[in-house]
Amino acid sequence: MKIIVDRTRCTGHAMCFAQAPELFPLDEEGFSIADGKEVPPGEEKRAQMGVEACPERAIRLSTT
Ligand code: F3S
């Protein structure tokens, strides 16, 4: 499972980071750099919580 971030939608709310900082790292300006990151086994639920926390719907999970 992979994290996909639409950087055109990310406005830096950091709610994803608040849910799971190691899964949803931010750049120095507070924008997500989680795009393409693999979700480690057992972290799927936290990844999903991060997805749902984003008010801009900028994050999704991919299983391909
Ligand atoms: Fe960006 Fe959404 Fe996270 S706006 S910093 S992807 S909560």
Side-chain angles (χ1 to χ4, degrees):
M1 181 183 278
K2 211 183 255 187
I3 295 170
I4 311 289
V5 179
D6 181 348
R7 291 200 59 161
T8 67
R9 297 184 79 146
C10 174
T11 54
H13 287 288
M15 302 300 284
C16 52
F17 180 82
Q19 290 291 334
E22 73 286 2
L23 290 179
F24 298 102
L26 305 177
D27 69 13
E28 62 282 353
E29 293 178 337
F31 293 98
S32 177
I33 49 170
D35 187 53
K37 200 168 161 54
E38 279 292 336
V39 177
E43 294 292 309
E44 294 86 356
K45 192 170 177 207
R46 293 179 73 229
Q48 186 59 41
M49 287 168 66
V51 167
E52 289 169 15
C54 177
E56 305 297 336
R57 298 255 175 260
I59 315 170
R60 65 185 177 88
L61 300 173
S62 169
T63 51
T64 55

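As the structure is a computational prediction, the values presented were derived from the model and not from experiment. One-based numbering, in listed order, for ligands and for the atoms of each.
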Within-shell test, Val5 vs ligand 1, heavy atom, strictly < 4.0 Å: no
Write out the residue and atom name of the closest protein heavy atom to atom 4 (S) of ligand 1, then the distance separating them to 0.1 Å. Thr11 N, 3.3 Å
Student check: side-chain heavy atoms of Glu22 and Arg46 closer than 4.5 Å: yes
State whether a side-chain donor-acceptor pair under 3.5 Å links Gln48 with Glu44. no
Audit row: Phe24, Ile59, side chain to side chain contact (heavy atoms under 4.5 Å, CB included) steps and yes/no: CA-CA 10 Å; Phe24 298 102; Ile59 315 170; 3.9 Å; yes
Are Val51 and Val39 connected in the hydrophobic side-chain network, where two residues link if heavy atoms are under 4.5 Å apart? yes
Which residue owns the protein heavy atom closest to atom 3 (Fe) of ligand 1, what's the atom, and how far is it? Cys16 SG, 2.3 Å
Atom 5 (S) of ligand 1: nearest protein contact (heavy atom, Å): Ala14 N, 3.3 Å
Hey, mind stepping through Asp35 and Arg60 against salt bridge (Lys or Arg N to Asp or Glu O under 4.0 Å) and telling me if it holds? CA-CA 9 Å; Asp35 187 53; Arg60 65 185 177 88; over 6 Å; no
Under 4.0 Å to a heavy atom of Ile59 - the qualifying atoms of ligand 1, by number: 6 (S)
Determine, using the 4.5 Å side-chain heavy-atom cutoff (strictly less than), whether Phe31 and Met15 are members of one ILVMFWY cluster. no
In terms of residue, atom name and distance, what is the protein heavy atom nearest to atom 2 (Fe) of ligand 1? Cys54 SG, 2.3 Å
Check for me whether Gly12 has a heavy atom closer than 4.0 Å to any atom of ligand 1. yes
Taking 2.8 Å as the cut-off, does an N/O/S atom of Cys10 lie below it from atom 1 (Fe) of ligand 1? yes
